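Everything numeric here is computed off the predicted structure, so don't read it as measured data. Just the heavy atoms: all of them, side chains too, but no hydrogens, waters or symmetry mates, feed the values below.
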Amino acid sequence: MLDIKAVRQDPQRVAEALNARGFQFDVAHFSALDARRKQADIDSQNLLAERKSASRQIGVLVGQGVSVDDAKAQVNAQLSKIAGQLDALTEEARQAQAEIEELLLGVPNVPLPEVPPGSSEADNMEVLRWGEPKAFDFPVRDHVELGEGLQLLDGEMAGKITGSRFTVMYGKLARLHRALTQFMLDLHVQEHGYEEIYVPYIVNRDSLVGTGNLPKFEADLFKLRTDPDLYLIPTAEVPVTNLARDRIFEDGEMGEHGVRYACHTPCFRSEAGSYGRDTRGMIRQHQFEKVELVQFVRPHQSLQALEQLAGHAETVLQRLDLPYRKVMLCAGDLGFSSQKTYDLEVWLPAQNTYREISSCSSFGDYQARRMRARWRNPASGKPELLHTLNGSGLAVGRTLVAVLENCQRADGSIAVPVALQAYMGGVSELGG
RNA sequence: GGUGAGGUGGCCGAGUGGUCGAAGGCGCACGCCUGGAAAGUGUGUAUACGGCAACGUAUCGAGGGUUCAAAUCCCUCCCUCACCGCCA
């Protein structure tokens with residue numbers, strides 16, 4: 001959520017900044033609503049104050065021995081006037097509050113100044129490339145051909161069990177998938193200073209509102225038939241970031257670099273409307289695994305933290321020797337809650353292109369305001385909104401795809417990257 | 001899922017429907033005392049919104065209700081604890 005004070009102070013500037021990411025912010029509507037909210041708030045507060053003092057007066061009189069009825073009679077004029085207006089006024093105030101809240105919950109974050117303009121991924125800015133795409137002296141197979149050829153991957157069976165966009169893996173492939181997860185977690189915990197945590201895979205509505213998935217993107221979620229509403233997590237970002245919800249961190253709890261959590265979870269995405277895109281194979285699934293990195297930092301640290309976070313994700317690709325490029329998303333391609341995002345795109349030889357494998361974002365105080373996540377600034381002694389960040393480190397399923405395709409050999413077997421062999425019990429190849 | 005007991009400030013813990021945002025304690029901050037410390041002692045110590053400020057309003061798990069007035073009474077829900085049932 002944006003800072004309502006900042007919006008109020010210069011709505012035009014906010015509107016322009018949001019326009020850069022393709023969002024139309026209706027300044028006139030906001031201003032009218034805010035004025036209404038303020039007036040209703042003042043009116044109802046005044047009335048409440050009157051009622052309170054009248055009630056208090058009755059209490060005082062009763063304390064002095066006056067009968068309750070007599071006491072009421074003495075302040076009757078005031079009370080009857082209040083009774084007539086209070087309900088309407090408090091309802092008006094409540095409604096005005098709710099409306100402006102709803103409006104703001106639907107407004108995305110403002111991009112940082114360095115975020116390039118643009119409306120689609122075509123306008124994203126390449127920051128760097130790492131590694132050389134390997135030249136193959138045989139026709140490359142995609143991961144589906146490779147996995148099915150080895151009889152380790154089965155999309156049809158998943159279709160039978162559940163439906164489209166799920167997958168079944170067997171044997172060494174299933175193990176490679178698990179090895180990738182273990183490798184990533186160990187790297188981030190042992191070398192990058194993250195604490196490993198385990199969290200619920202089902203969350204409530206408040207948690208999803210906190211991260212910005214709701215109220216706008218309900219269609220992307222799997223919703224359970226419970227009361228109250230519960231949802232399968234679309235990413236570990238949701239439960240992990242919500243660890244900070246309604247919480248005030250003492251400075252000592254934040255550590256030098258802030259709080260860093262690494263968390264492996266399955267992710268569930270309904271992706272209603274995405275049918276037709278990436279239908280083949282494991283690129284876009286309803287269920288996939290991800291190792292997520294989440295940070296809570298002091299506001300002045302967030303820019304540097306984003307660079308470090310992206311670096312942590314890049315290290316995974318480097319250790320696996322997978323060529324990739326890093327792009328800064330343009331304003332129009334930013335996620336709803338993000339103020340700045342780097343995507344890491346891994347080289348997929350079968351597609352002859354780079355494909356997203358990690359997205360690392362800084363949210364500034366946008367999520368923190370939605371979930372009232374704060375730290376106590378020792379300089380002021382006051383609670384202030386902290387900054388949140390997260391990034392995939394990495395999407396496991398897509399990393400598996402990248403390993404299969406980049407490490408394939410002419411006979412359709414797969415050379416297991418050296419970094420993973422220890423996690424495979426020494427196994428160095430699939431098939432062959 | 002059943003029965004019972006509870007949910008109050010950073011923590012513990014009082015609270016009879018009426019000057020209660022809430023006694024007391026712990027913790028923390030600052031001062032006094034001391035050569036220095038401990039002990040002792042004094043003061044302060046929730047959050048949000050509005051206001052230049054004085055201050056006002058809201059919040060005692062959440063939401064409804066009764067009442068002139070609710071931390072306090074009633075209803076529903078959530079959570080915690082104990083025992084039972086079921087289960088990995």
> Does a side-chain N-to-carboxylate-O contact under 4.0 Å join A:R37 and A:D34?
Replying inline: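 Answer for the salt bridge query: yes.
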> With a 4.0 Å cut-off, would you call A:R36 and A:E92 a salt bridge?
Replying inline: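 The answer is yes: the pair qualifies as a salt bridge.
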[N] and [M]: how far apart are their [atom1] atoms, nearest whole angstrom?
{"N": "B:rC20", "M": "B:rU76", "atom1": "C1'", "result": "27 Å"}
{"N": "B:rG4", "M": "B:rC55", "atom1": "P", "result": "48 Å"}
{"N": "B:rU8", "M": "B:rG13", "atom1": "P", "result": "9 Å"}
{"N": "B:rU72", "M": "B:rG18", "atom1": "C1'", "result": "11 Å"}
{"N": "B:rC49", "M": "B:rG21", "atom1": "C1'", "result": "16 Å"}
{"N": "B:rG7", "M": "B:rG61", "atom1": "C1'", "result": "6 Å"}
{"N": "B:rA5", "M": "B:rG9", "atom1": "P", "result": "22 Å"}
{"N": "B:rA46", "M": "B:rC11", "atom1": "C1'", "result": "13 Å"}

Mind calculating the distance between [atom1] ([X]) and [atom2] ([N]) to the nearest angstrom?
{"X": "A:D246", "N": "B:rA48", "atom1": "CG", "atom2": "P", "answer": "12 Å"}
{"X": "A:R94", "N": "B:rA48", "atom1": "CZ", "atom2": "P", "answer": "23 Å"}
{"X": "A:I4", "N": "B:rG50", "atom1": "CD1", "atom2": "P", "answer": "8 Å"}
{"X": "A:E253", "N": "B:rG10", "atom1": "CD", "atom2": "P", "answer": "13 Å"}
{"X": "A:K72", "N": "B:rU67", "atom1": "NZ", "atom2": "P", "answer": "9 Å"}
{"X": "A:L61", "N": "B:rA69", "atom1": "CG", "atom2": "C1'", "answer": "13 Å"}
{"X": "A:E92", "N": "B:rU57", "atom1": "CD", "atom2": "C1'", "answer": "17 Å"}
{"X": "A:W375", "N": "B:rU47", "atom1": "CH2", "atom2": "C1'", "answer": "18 Å"}

> With nearest nucleotides of RNA chain B determined for A:S53 and A:K5 from heavy-atom distances, which residue corresponds to the more 5′ nucleotide?
Replying inline: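 By nearest-heavy-atom nucleotide position, the 5'-most residue is A:K5.
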>> On RNA chain B, compare the nucleotides closest to A:N46 and A:K382; which residue's is nearer the 5' end?
In response: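 The residue whose closest nucleotide sits nearer the 5' end is A:K382.
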When we call it a touch if two heavy atoms are under 4.0 Å apart, what does [X] touch: a base, just sugar-phosphate, or nothing?
{"X": "A:R376", "value": "sugar-phosphate"}
{"X": "A:A49", "value": "sugar-phosphate"}
{"X": "A:R374", "value": "sugar-phosphate"}
{"X": "A:R372", "value": "nothing"}

>> Please identify which of these residues, A:K340, A:H387, A:Q339, meets the side chain to side chain donor-acceptor pair (under 3.5 Å) condition with A:S362.
In response: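 Answer after filtering A:K340, A:H387, A:Q339: A:Q339.
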Does [N] have a Watson-Crick or wobble partner in any strand here, with both distances under 3.5 angstrom, and which is it?
{"N": "B:rG50", "answer": "B:rC55"}
{"N": "B:rU3", "answer": "B:rA82"}
{"N": "B:rA14", "answer": "none"}
{"N": "B:rG63", "answer": "B:rC75"}
{"N": "B:rG21", "answer": "none"}
{"N": "B:rG44", "answer": "B:rC28"}
{"N": "B:rA37", "answer": "none"}

Would you confirm whether [X], through its side chain, and [Y], through its main-chain N or O, come within 3.5 Å as a donor-acceptor pair?
{"X": "A:R374", "Y": "A:I248", "value": "no"}
{"X": "A:S53", "Y": "A:E50", "value": "yes"}
{"X": "A:S44", "Y": "A:D41", "value": "yes"}

So, does [X] get its side chain near the phosphate of [N], meaning an N or O under 4.0 Å from OP1 or OP2?
{"X": "A:K52", "N": "B:rA58", "result": "yes"}
{"X": "A:K38", "N": "B:rG51", "result": "yes"}
{"X": "A:R8", "N": "B:rG50", "result": "yes"}
{"X": "A:R51", "N": "B:rA69", "result": "yes"}

> Taking it one step at a time, do A:R319 and A:E191 satisfy salt bridge (Lys or Arg N to Asp or Glu O under 4.0 Å)?
Replying inline: CA-CA 13 Å; A:R319 296 281 174 92; A:E191 298 186 35; 2.8 Å; yes
> Ignoring hydrogens and angles, are the base of B:rG56 and the side chain of A:Q45 linked by a donor-acceptor pair under 3.5 Å?
Replying inline: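 Present.
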Closest nucleotide among [options] to the [X] side chain:
{"X": "A:I58", "options": "B:rC49, B:rU47, B:rC68", "result": "B:rC68"}
{"X": "A:I248", "options": "B:rC68, B:rC49, B:rU47", "result": "B:rU47"}
{"X": "A:S55", "options": "B:rU19, B:rG18, B:rU57", "result": "B:rG18"}

> Counting heavy atoms not belonging to A:Q151, are there more than 12 under 6.0 Å from its CD?
Replying inline: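 Result for CD/A:Q151: open.
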